[in-house]
Each structure stands twice: as C-alpha cells, then as structure tokens.
Amino acid sequence: MSEVRSPVESDIMAHYSRAAGHIGLIRLANPPVNALSSAVRHDLCRALERASADTGAKAIVLCGENGLFCGGADILEFSKKTGGPALVPLINAIEAGEKPVVAAIEGVALGGGLEMALGCHYRIAHCQARLGLPEVMLGLLPGAGGTQRLPRLIGFPAALELITTGRHVSAEEALTLGLVDQVTDGDVQEAAVKFAQRVADEPLASRRLSTWKPPCPADLDTLLQGALGRLQSRARGALAPVACVHALQAATLPFAQGIEKEQELMATLFSSPQARAMQYCFFSQRIVGKWSLAGRANWKNTPVRTVHRAAVVGLGTMGRGITVTLVRAGIPTVAMEMDRGQLQAAQQAVTAMLEREATKQKRSLDSYLQLVQFTLERRHLQDVDLVIEAVYEDLALKKRLFSELCAVCRPDAILCTNTSGLDVDVIAGTTRRPEVVVGMHFFAPAHVMKLLEVVRGPRSSPVAVATVVHLGKLLGKVSVVVGNSPGFVGNRLLKPYMEQANFLLEEGATPEQVDGTLEEFGFAMGIFRMSDLSGLDVGWRVRRESGLTGPAVRPEESPRHRLGCRYCPLADLLCERGRLGQKTGQGWYLYEGPEGRKALPDPWLHGFLDEYRRQHALKPRRIDQQEVLERCLYALANEGFRVLEEGVAAGPEDIDTIYVLGYGWPAHMGGPMYHVATVGLSAVLTRLEHFHRAHPDVPQLQPSALLRHLVAQGSPPISKWRELVRVQRSQL
Ligand SMILES: CC/C=C\C/C=C/C(=O)SCCNC(=O)CCNC(=O)[C@H](O)C(C)(C)COP(=O)(O)OP(=O)(O)OC[C@H]1O[C@@H](n2cnc3c(N)ncnc32)[C@H](O)[C@@H]1OP(=O)(O)O
C-alpha cells in the first residue's frame, strides 16, 4: 500500500496520514493495546479534524498500530482523575462526520474499541480478529454507546448475550451476526482502504447506527426478564449484568434518551466498589503472570521450551479434560491408560467432548482426533516434550509412575503431576531428574476452568516452571506459580474455611443456612453444596491418610479433638454411612437419585445433626449471617496471610486470582485478601481475636503474624503487600 505520511511527532498517539486513492488514514498508537487513554482521545480528535479538513481525502480508514485495533478504554485511568475529550461525544462525532469512516479491525476490538468501531460507518475485520464488549467483566457496561448501537445493528437477543457475558467473538461469527461488513485474510488496512475507495461516494445517512429505528421484538420484555432472572441466579449480587440489561432495555427509546439512560447507569457502576474489585481482578490476573523465583529467574529472563508433543497419563475425569484442553490448543497429545477397559471408556468420552468442541468451533472432529493418540503402551511416551500425570490421588502410585516416566521419557522431557495437594518434591525424588518435575494442578472440569496452579518444587528448574506457565497460557489458562506446601494455595486455604463451616453445624447451623449466606455473599455455590458436588470421599480419603480419622486414630482421642485441636467428625460420619454427595444421591443434601443435581434440604440430616449435638452435649444456638461469613471467610484469609508469610504465594493477587478463578469466589468481591483489605485489616484482626478467644482450640482462628504486622504498619493498601512480603522467605 503506497502511503504519503505527514511528518508526525513520535509521541502522538493517533497519527493522520494519507493512503492511496484519496483515503485518509488514522492510526492509533498506544502500545500495548492502543487503549483509549485521555491522550489518545485528544490526539484522535485532532486527527479526525485533520482528516475531515483534508480536501484530498474522500473517506477515512481508522486502524491501530502493532497489529491491534483497540483494547478499549484505558482501565488504568479508571482510578485516576483524567481529562481529555469524553468518548461518547468523540464517537458521536465520528458517526456524524461527512466522510465515510471504515474501521480496519485486526487483533482485537474490545470495549470502547468496538464501540468506536460501531460509530464508524463500516467495519472490516481480519479473520483472526476478536471482537467483544467485555465491560461487564470489569463491573461496568459498554458506556460509550455500545448498549444502544449494538442492538440496533445485530438485534436484541445477540446483543443481550454479548453484552451480559462479555464474550469475545471471532471475525467469522461477527460477520454472521452482521457486526462487521467484511472479513479478510489479507492485510486488513489494505482491504479497508480499497473498501473506503469503493464507498467514498455512497450516501452516509443509512450507515449511522444512531439513526436506525430501535428494533423492538414482540417478546422483548420476556427476553429481558428471563435474562435478568438467569443473571441474578448466576452472578448473585453482581450489579453490572443487571445494569447491562436495563441499559439494553433503553435501546427501545430514541437514541439520545437511550444514551442518557446508559450514562446514568454507567455513572453508578463506575464509582461502585464492585467495579473496583473487578478491575483489581483484571490487573491481578496480569500481575500473576510476572512471576519470579527465589533466585534471579523470572518470567522475563527464563527461556521456555516449545511443547511440540505432550502426553497425559491417567484418563479419569481430570485426564480426559486435560487431553481435550491440549488437543483444542492444537498440541499433538498421547493419551495413555494402563487398563484396556478404561482406555476404551476414555476414548469414547474424549471423542464426545471433542465432538462438542468441534461443533462449537465449526471445525471437523477429524481435525481434533488426528492430534490425539490413545495408547496403553509406555513406549509412546519416548518422544514427548512434556507429560502430565493425572492418575488417582495416591502418593505411592504417583511415585511408582514417576520413576517409570523418568526411565522411559527423554531426559529433557518435563514431567508434571496434576496432584491437588501431595508433595511434589517427594514425587520428584523418585526420579533421577527432580529439576524437570513440576506440579500442574488443573481444576475440574479441566477443559472449562481457567485456573492452573503451577507448583514449583524446591528442585524444579526455572526452565521447567517457565515452560509450564507458557503452556498454561497456550491452553487459555491463567497460571499462578505457587510453592510446594500441602494443598498448595487453593486447597490449603479451603481447609480452615471448611472446618469453620463444619464447626458452625455443630454449634447450631444447618448446611442450607451456611450455604445460603455464602451464596448471598456471591459464591456460585455454598461450601456444602460444593463438597457434595466434588464428593465427600475426596476429603475423607485425605483425612484417613493423614491419620485424622479411621483406624489410625488412637482410642483415647476424643471424637471432637485431634492432637489437642478441635476436630469435627461430621463429614466422616456421613461418608461412613455411604453419603458421599451428589454421586450417591445423598450427602449434606438430598438429591433426586444418584447423580441428581438439585440439592434439597434433607430432614434426615437435620435429625442426624440434632442427635449428634445431643450426644456431644452441644447446646445449639442461633447463628447469624455475619458470624457465618466472618468465621468462614476470615479463617480462609488468615490462612492466606500464612501462605504469604511462608512465601508459598508471591502476593495477595495470586491468592485472589486462585480463589476467583478456581473456587467460585465472586469476582465482584475481588477475592479473599481483597475482601479483608476492603473490610479493614484492623477490624478483621479484632474479629479473629474475638473468635480465637471463644474457640482457643482452633489454631486457624489465631491471627497470623503477617496480619498483625500489616495492622501494626498502619494497614497499607493491598497494592503494597507484595513488596512487603517479598522481603520475607520465598518458597517459589
Ligand atoms: C470511561 C468509559 C467509557 C466507556 C466504556 C468503555 C469501557 C471500556 O472499554 S473498559 C475496557 C474494555 N476492554 C477490555 O476489557 C480489554 C481488556 N484487555 C484484554 O482483554 C487483553 O489485555 C487483550 C485481549 C487486549 C490482550 O491480551 P494479551 O495479549 O493476553 O495481553 P495482556 O492481557 O497481558 O495485556 C497486555 C498489557 O496491556 C494491558 N491492558 C490490556 N488492556 C488494557 C486496557 N483496556 N487498558 C489498560 N491496559 C490494558 C494489560 O494490563 C497488560 O499490561 P502489563 O503488560 O503491564 O501487564
């Protein structure tokens, strides 16, 4: 493309130049994602003025530098007072201009970026581009006209789905939806310039979305009410999705009135604590990617090995999900089992999962199946770059397997274990190459959940860690590097949380009451419903192995105490009765038969709790919601401080990311560490002291040294904790 570029200063963030054929070209230049900062908006206004005044330009192409159109408003500026022209009038001005503007979209057009493209008269996308309005993920709504222009362009049902989920769509889907006018696999700017030349003399009036009559389907109210109901039960207490629906409802009004409503709703969200929490989550998920280890190695200076071929060993539920995740990312995968029957069952299940994936991605099933080799034979592991072990959670079995893997795999192959809490270093110790062993803790269902705990054993090499983190990114996961502590970070913090919930039952609460309170707080699922879903036998096995229950318990030990600390045997008693949760149709709740999903209050369980309390002379008392929340959540966060103190996690952002992405902590509440920071560390310390006085035999309620230290330091903001804990010992 020949281009006459006017001289520009290097710090200008929206350049104006002229492309061939009387086309003006505006390029956004604000790396890394061309976010619409106040400086960009300022320069964009100037560039638009130049373009409309340029008599040699009949039409304008708007594009971004560095292969990316625009990642939206500058999120970093949300917490600052900034000037510059506002986005809504700027987009209105683009739309109202006399010359056609064509958005040339490559990379991404997200949030304000897509809203700006909706203000343009035409949109052309590169076939690899992704488009979306993800503001809801930041506790906001598309407040630059997006809630008003999008339904006018693609209709209410599609706009509702895109805006309330924040989902990105591919260029192909965008074309089908009518969101873009053309998709190209060539140079998008060249295609846009040619397109602009073609439409330069076309009338513009019909291309201004704000002038389109709002589409008003007959069943709109039902559609919106249905969405509200679903959103309120899915993201309890979250304001943004509800505000998105209300803003969309206003798209039935004349455009100016709709925009007014959108701005009003946006203003409320913009200053809300929920938006701050969700933006904290956004940045936390980026901070955790910048890992560093106890030596000098870090995310920037450590080389990564390419994983050309991977293997999954053990094809139970987790192994199958991991296989699908690898194949979906285009990585040839050996899927290995030890037992022929298991292998056949796994092959069927994985094929069915890939079939669903192929339908969703509009790809052929074969394109996936040709990437996976199902086998019983160890020799097929000889040429893989990385193995993920996903066998039963049994240390002896894993140890045996790793010593075999070490013998059969290439010396440089990275050996990962998907253990959810066993000692990675003990497993590594069975190999001759402990440096290549890393924990790769996926969360169920592995092909859905975005979290990956990358466990660095004391002997894992930086290259092995870097390779696993990088692989996690390729798999679409957010990797959090954690130290090798029992239960790592996620499951370690779960223990005091569960214990408090169990103690509350002893003291008079019911599972429904505890879960109801947690769900009202925003958890997708209360702790008892979650335990029923995962299976009560998982924790039972761990407790038996660690001698907390079962034959190893000394006869003189009281049923409600272990090693001088309070212990609640309720979950063990349910397991002994075969009540293992959803899979057996009974657990903390009653289900409509085995595998039934709806948790119903169980009169038997209530009677069982009464009887248990009588037996142990426990006088039930009325427990209010605040106590449920404080005991469960502060005990969890208190363990979080211990994890930081011990250097098992690098910062509060790591813990919060793990809880939001892996344990259903509501993103609009930021995460456990963010929550206690918001409540106030001093208040949390006082409550923990109070609870510990009332329950001196519960060490988890004893405030951690780090919490005390932070309070003594005047409770610094959460953004400073990382620096403060870095000076302590790191296990990373
Ligand atoms: C006043 C409001 C008026 C109107 C409403 C409009 C609201 C909005 O537009 S809100 C913003 C909506 N946009 C988004 O939510 C997009 C967020 N970004 C992403 O999803 C991704 O970053 C990406 C897909 C754009 C790129 O992904 P990837 O290549 O994996 O890179 P990273 O995610 O690691 O990001 C790199 C780097 O860029 C920073 N960054 C990304 N987006 C923004 C942004 N919109 N504003 C400011 N900074 C952004 C990100 O934090 C990374 O920074 P570091 O390298 O320092 O970590």
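Quick note: numbers below take in every heavy atom, side chains included, and nothing from hydrogens, waters or symmetry partners. Start at 1 and go down the list; that is how both ligands and their atoms are numbered. Please read all numbers here as calculations on a predicted model, not as lab measurements.
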| Nearest candidate to atom 13 (N) of ligand 1, where distance is taken over non-hydrogen atoms, out of Gly146, Gly107, Ala109, Gly71 | Gly71
| field | Contact partition for Met137 relative to ligand 1, non-hydrogen atoms under 4.0 Å | value | neither
| message | Heavy-atom contact check, 4.0 Å cutoff: does Asp74 meet ligand 1? | response | yes
| field | Salt-bridge present (Arg167, Glu173; N to O < 4.0 Å) | value | yes
| task | Please could you name the atoms of ligand 1 that Phe282 approaches to less than 4.0 Å, counting only its heavy atoms? | result | 17 (C), 18 (N), 41 (C), 42 (N), 51 (O)
| query | Short question: side chain of Arg50, backbone of Arg46 - any donor-acceptor pair under 3.5 Å? | reply | no
| Think Arg328 forms a cation-pi with Tyr368, using NZ or CZ under 6.0 Å from the six-ring centre and within 45 degrees of its axis? | no
| Exercise: identify the closest heavy-atom pair between Thr165 and Met137 | O-SD, 3.7 Å
| said: I'd like to know if Arg207 and Asp181 make a salt bridge, using a cut-off of under 4.0 Å between side-chain N and carboxylate O. | reply: yes
| query | Which protein heavy atom lies closest to atom 33 (O) of ligand 1, and at what distance to 0.1 Å? | reply | Arg286 NE, 2.8 Å
| message | Taking 4.0 angstrom as the limit and counting only heavy atoms of Lys290, give me the atoms of ligand 1 inside it, by number and element. | response | 54 (P), 55 (O), 57 (O)
| request: Compute the minimum heavy-atom distance from Lys473 to ligand 1 and say whether it is under 4.0 Å. | output: yes
| request: Please indicate, with yes or no, if any protein heavy atom is found under 4.0 Å from atom 38 (O) of ligand 1? | output: yes
| Which atoms of ligand 1 sit under 4.0 Å from any heavy atom of Met266? | 2 (C), 5 (C)
| Test item: protein heavy atom less than 4.0 Å from atom 31 (O) of ligand 1 | no
| said: Which label fits Phe443 and His441: parallel for a plane angle under 30°, tilted from 30 to 60°, or perpendicular past 60°? | reply: tilted
| said: Assess, by modelled atom type and distance only, whether the side chains of Ser210 and Glu95 contain a donor and an acceptor separated by less than 3.5 Å. | reply: yes
| Arg309 backbone acceptor or donor facing Asp385 side chain under 3.5 Å | yes
| task | Would you confirm whether any non-hydrogen atom of the protein falls under 4.0 Å from atom 53 (O) of ligand 1? | result | no
| note | Per-atom filter on ligand 1: closer than 4.0 angstrom to a heavy atom of Gly111 are 9 (O), 12 (C)
| field | Ligand-side contact atoms (ligand 1) for residue partner Val33, heavy atom cut-off under 4.0 Å | value | 25 (C), 38 (O), 40 (N), 41 (C), 42 (N), 43 (C), 49 (C)
| task | Cation-pi check, Arg286 to Phe282: give yes when NZ or CZ is under 6.0 Å from the six-membered ring centre and within 45° of the ring axis, no otherwise. | result | yes
| request: Using only heavy-atom distances, determine whether the side chains of Thr147 and Glu262 contain a donor-acceptor pair under 3.5 Å. | output: yes
| said: Whether the side chain of Lys261 engages the backbone of Ala256 through a donor-acceptor N/O pair (distance < 3.5 Å, no angle test) should be reported. | reply: no
| note | ligand 1 atoms nearer than 4.0 angstrom to some heavy atom of Gly72 are 9 (O)
| said: Under 3.5 Å between any N/O of Phe283 and any N/O of ligand 1: does that happen in this structure? | reply: no
| Which of the atoms in ligand 1, numbered in the order shown and given with their element, are less than 4.0 Å from a heavy-atom of Pro32? | 37 (C), 38 (O)
| request: Taking only heavy atoms of Pro134 into account, list the atoms of ligand 1 that are under 4.0 Å away from them. | output: 13 (N), 14 (C), 15 (O)
